[in-house]
Q: 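Pasting a structure here, questions to come.
The chain is numbered in sequence order, starting from 1. Values below: all heavy atoms of this structure, side chains included; hydrogens, waters and symmetry mates excluded.
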Amino acid sequence: PCGLENVQMKLLGECNIMKLVKIVSLSLLFVVIVCFVAATLRTLTKFDSLCCVNNRYNMRTKFGQRHRLFLYAEAIQIPTVSTSKTQLNITALGEFDSLLRRVFPTVFSSHLVQHEVVANYSHLFWVPGSDLALVPYMLLAHIDVVPADENDGWEVSPFSAKEIDGFIYGRGTIDNKQSVMGILQALEYLLIRGYSPQRGFFIGLGHDEEVGGLQGAMNIVKVLKRKGVQLAFILDEGLAVLDGVISGLQGPAALIGISEKGQATVKLSVFKAPGHSSMPPRESSIGILAGAVKRLEDNPMPILFGEGPERRTFEHLFGLPIKFVMSNMWLFSPLIGRVMERSPDTNAFLRTTTAVTMFNSGVKVNVLPSLAEAYVNLRIHPAQTVEEVLEFIQSTVGDERVKMELVNGFDPLPVSSYDETSFGFQTIKKTLLDQFPQVTVAPGVCIGNTDSRHYTDLAKDIYRFAPTWIRPGDTQRFHGINERISKKNYEELVVFYFNLIQNCDIKELPSPHSAGHEL
Ligand SMILES: CCCCCCCC/C=C\CCCCCCCC(=O)N[C@@H](CC(N)=O)C(=O)O
Ligand SMILES: [Zn+2]
Ligand SMILES: [Zn+2]
């Protein structure tokens with residue numbers, strides 16, 4: 001019996017231990033599950049720390065940053081590539097349309113918003129204001145992107161929207177899906193909060209900006225003209241917050257584009273009789289054309305620094321010392337020019353730039369080519385015209401065998417107002433300074449072209465800017481490899497548009513000399 005009792009006791013003991021182990025593990029599992037659920041809920045319902053102080057509505061949402069970034073990543077993953085006027089990815093554009101309707105349900109269902117699709121893939125939204133005396137304004141952005149080839153040296157696949165070290169990588173992240181999604185996300189939140197504007201506004205999203213906006217922007221303009229719309233101001237993509245990009249400037253500068261450079265595309269061609277490669281002439285069509293192109297590259301257009309609105313950029317940024325420099329440009333211009341022309345991004349502000357972008361010739365290794373063609377893309381400084389640029393090219397090429405043809409071109413765009421009474425400029429500036437008190441705001445010339453150039457009949461004041469932060473090395477990401485935006489910066493863009501829309505409700509600007517940058 002003794003032995004049996006021992007066995008029973010042992011079994012009983014083991015059973016208790018097993019029970020205890022089971023209870024402890026179940027409790028642990030329960031605690032782990034509770035912690036996990038709590039953490040997830042906290043992330044999902046996390047209130048944004050960024051909120052607008054002055055406006056009635058703030059950015060607190062029941063959705064967290066992760067939710068917004070997820071939607072933004074979806075937008076990047078759709079390859080809405082424009083290659084040429086006749087090569088648009090219409091499948092992707094259709095998909096993008098569905099994405100917008102799915103992720104911004106309030107924008108597309110609110111009785112406050114009128115929406116129409118223009119030219120099949122562009123979007124025009126109209127949010128009427130309650131005060132009909134206030135002239136409406138317009139926000140622009142574009143859905144399409146330039147092509148991207150992973151083999152060019154991308155760290156990730158260009159349409160993956162992969163995150164590395166707090167940055168979302170992908171084509172369109174800074175040109176220009178950050179504004180497309182930022183504007184609509186801001187409107188979605190405002191509508192959810194019951195906001196209705198006092199000043200009406202339009203939103204135009206073009207689908208072919210990267211190939212000139214002839215379908216999207218031009219047709220949106222037609223629709224608006226038919227309705228007799230006039231706008232207080234327009235805000236489109238363009239310049240950015242430059243941090244550490246302008247040498248000699250302490251702190252970041254927000255350059256608001258008050259104009260944009262003109263553009264011309266010139267085709268150069270040389271024709272020679274074809275023949276057998278065993279009996280080449282002293283100069284081939286390719287050789288003659290290559291010489292012309294080399295002369296163009298060796299003889300850049302003159303430095304015109306100080307002769308256009310870029311003069312005001314530097315006066316705003318550097319204050320008095322630069323005013324002295326500017327009044328004595330005969331002395332300083334060569335010096336400043338030599339420093340700025342060293343880097344392609346600052347060189348672009350100095351002069352009309354000359355870029356040879358296409359060069360075609362030849363069909364077979366043993367056939368002398370009859371035709372050699374090159375395309376030269378020029379970005380025209382505000383102090384020059386298409387006509388002057390053509391004269392310069394003709395004289396620089398200086399060879400009658402090289403034929404020159406203007407494929408298309410337009411002069412630099414008019415200069416918008418930026419003084420203390422300028423409603424658009426000052427409202428954008430105030431919104432920026434509330435959010436980024438550390439930046440210096442200055443007018444600038446946009447070195448690329450935008451859809452807004454088609455809108456000149458609708459608004460006198462057109463601004464090209466988004467608060468995308470550009471740091472050293474980032475300028476090459478536009479149309480280049482490894483285009484990216486930080487997650488923080490995308491959030492900031494949503495907040496910027498959210499606040500800007502509310503700030504535009506002000507009837508008029510206060511008198512210029514009231515304190516600080518308050519409206
Ligand atoms: C003192 C100045 C410092 C220089 C810093 C450079 C700042 C670079 C910042 C922004 C880059 C500019 C990009 C402008 C947007 C261009 C949009 C675009 O790509 N447009 C196309 C298509 C078209 N509409 O013609 C273009 O080819 O320009
Ligand atoms: Zn763009
Ligand atoms: Zn672009």
Q: Heavy-atom count check: over 12 atoms from other residues, nucleotides or ligands less than 6.0 Å from E387 CD?
A: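 For E387, atom CD is not crowded (no more than 12 foreign heavy atoms under 6.0 Å).
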Q: Relative to the ring of F423, is the ring of F233 parallel (under 30°), tilted (30 to 60°) or perpendicular (over 60°)?
A: tilted
Q: Looking at E315 and R311, does any basic side-chain N land under 4.0 Å from a carboxylate oxygen?
A: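 Salt bridge flag = yes for R311 with E315.
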Q: Could you go through the side-chain contact (heavy atoms from CB on, under 4.5 Å) check for E150 and F159 one step at a time?
A: CA-CA 9 Å; E150 187 168 0; F159 296 100; over 6 Å; no
Q: Are the aromatic rings of Y463 and Y137 close, with centres under 6.0 Å apart?
A: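 Centroid distance Y463-Y137: not below 6.0 Å, so no.
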Q: W126 vs F202 aromatic rings, parallel, tilted or perpendicular, using cut-offs 30° and 60°?
A: parallel
Q: To the nearest 0.5 Å, how far apart are CD in Q215 and OG in S82?
A: 11.0 Å
Q: Of all heavy-atom pairs between C446 and G238, which one has the smallest distance, and what is that distance?
A: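 Taking every non-hydrogen atom into account, SG-CA, 3.7 Å.
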Q: For residues G337 and L350, report the shortest heavy-atom separation together with the two atoms involved.
A: O-CD1, 3.5 Å
Q: Can D236 and R464 be counted as an ion pair, charged N to O under 4.0 angstrom?
A: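 No, D236 and R464 are not salt-bridged.
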Q: What closest approach, in Å, do K261 and F410 show between heavy atoms, and which atom pair accounts for it?
A: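 Result for this residue pair: O-CE1, 4.1 Å.
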Q: Without hydrogens or angle criteria, can the side chains of S122 and H207 be said to hold a donor-acceptor pair below 3.5 Å?
A: yes
Q: Run the ring-ring contact (aromatic ring centres under 6.0 Å, His included) test on Y490 and F167 for me, step by step, so that the C-alpha distance in whole Å, both residues' side-chain angles and the decisive distance to 0.1 Å come before the verdict.
A: CA-CA 10 Å; Y490 176 65; F167 287 86; over 10 Å; no
Q: Would one find more than 12 heavy atoms of other residues, nucleotides or ligands at under 6.0 Å from atom CD of Q250?
A: no
Q: Give me the one residue out of L205, L184, V180 that meets side-chain contact (heavy atoms from CB on, under 4.5 Å) with H123.
A: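 Answer to the side-chain contact (heavy atoms from CB on, under 4.5 Å) test with H123 among L205, L184, V180: L205.
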Q: Indicate yes or no: does E483 engage R171 in a salt bridge with an N to O separation below 4.0 Å.
A: yes
Q: Between T80 and K177, does any side-chain donor sit less than 3.5 Å from a side-chain acceptor?
A: yes
Q: Compute whether any side-chain donor of one residue and acceptor of the other, for Q263 and N449, lie under 3.5 angstrom apart.
A: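 Yes.
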Q: Y169 and S157: side-chain donor and acceptor closer than 3.5 Å?
A: no
Q: Does I143 offer a backbone N or O that forms a donor-acceptor pair with the side chain of N176 under 3.5 Å?
A: no
Q: With distance as the sole criterion, is a donor-acceptor pair present between the side chains of S417 and D419 under 3.5 Å?
A: no
Q: Side chains of Q178 and T173 only: does a donor on one sit below 3.5 Å from an acceptor on the other?
A: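 Side chains of Q178 and T173: no pair found under 3.5 Å.
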Q: When you measure from the side chain of T352 to the backbone N and O of I380, does any donor-acceptor pair fall under 3.5 Å?
A: no
Q: Does the pair K227/E116 count as a salt bridge with the N-to-O cut at 4.0 Å?
A: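 Yes, K227 and E116 are salt-bridged.
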Q: For residues E95 and S98, is any side-chain donor paired with an opposing acceptor at under 3.5 Å?
A: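 Short answer, no.
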Q: To the nearest 0.5 Å, tell me how far H454 NE2 sits from L214 CG.
A: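 Spacing of NE2 (H454) from CG (L214) equals 5.5 Å.
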Q: Supply the atom-to-atom distance L458 CG to I220 CD1, rounded to the nearest 0.5 angstrom.
A: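 Interatomic distance, L458 CG to I220 CD1, rounded to 0.5 Å: 10.5 Å.
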Q: Between W469 and F436, does the ring-ring contact (aromatic ring centres under 6.0 Å, His included) criterion hold? Intermediate values first, please.
A: CA-CA 11 Å; W469 281 64; F436 308 105; 5.6 Å; yes
Q: Could you walk me through whether K225 and D457 satisfy the salt bridge (Lys or Arg N to Asp or Glu O under 4.0 Å) test, starting with their C-alpha distance in whole Å, then the side-chain angles of each, then the deciding distance to 0.1 Å, before giving a yes or no?
A: CA-CA 9 Å; K225 277 188 175 175; D457 288 343; 2.7 Å; yes
Q: Determine the minimum heavy-atom distance between S160 and Q77, stating which atoms define it.
A: O-NE2, 3.2 Å
Q: Will you find, in the side chains of N366 and S277, an N or O donor that is under 3.5 Å from an N or O acceptor?
A: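 Short answer, no.
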Q: As an exercise, state the distance from OG of S370 to NZ of K272, rounded to the nearest 0.5 Å.
A: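 The OG atom of S370 sits 12.0 Å away from the NZ atom of K272.
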Q: Where do G170 and I76 come nearest, in terms of heavy atoms and distance?
A: CA-CG2, 3.8 Å
Q: Side chains of N377 and T265: do they bring a donor and an acceptor to under 3.5 Å?
A: yes
Q: Distance only, no hydrogens: is a donor on one side chain within 3.5 Å (strictly under) of an acceptor on the other, for E373 and S361?
A: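 The answer is no; no qualifying pair exists.
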Q: Quick one: CD on E210 to NE2 on H142, what's the gap to the nearest 0.5 Å?
A: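 Reported to 0.5 Å precision, the distance equals 4.5 Å.
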Q: Quick one: closest heavy-atom pair of A232 and D461, and the distance?
A: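 The pair with the smallest heavy-atom distance is O-CB, 4.1 Å.
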Q: Please determine whether a side-chain nitrogen of the Lys or Arg among D474 and R471 lies less than 4.0 Å from a carboxylate oxygen of the Asp or Glu.
A: no
Q: Around atom CD of E283, are there more than 12 heavy atoms from other residues, nucleotides or ligands closer than 6.0 Å?
A: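 Result for CD/E283: enclosed.
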Q: Roughly how far, to the nearest 0.5 Å, is CD of Q384 from CE of M301?
A: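 So the CE of M301 and the CD of Q384 are separated by 6.0 Å.
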Q: Could you tell me if R351 sits above the aromatic ring of F305, with its cationic atom closer than 6.0 Å to the ring centre and no more than 45 degrees from the axis?
A: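 Judged by the rule (NZ or CZ under 6.0 Å from the ring centre, within 45° of its axis), R351 is not positioned above F305.
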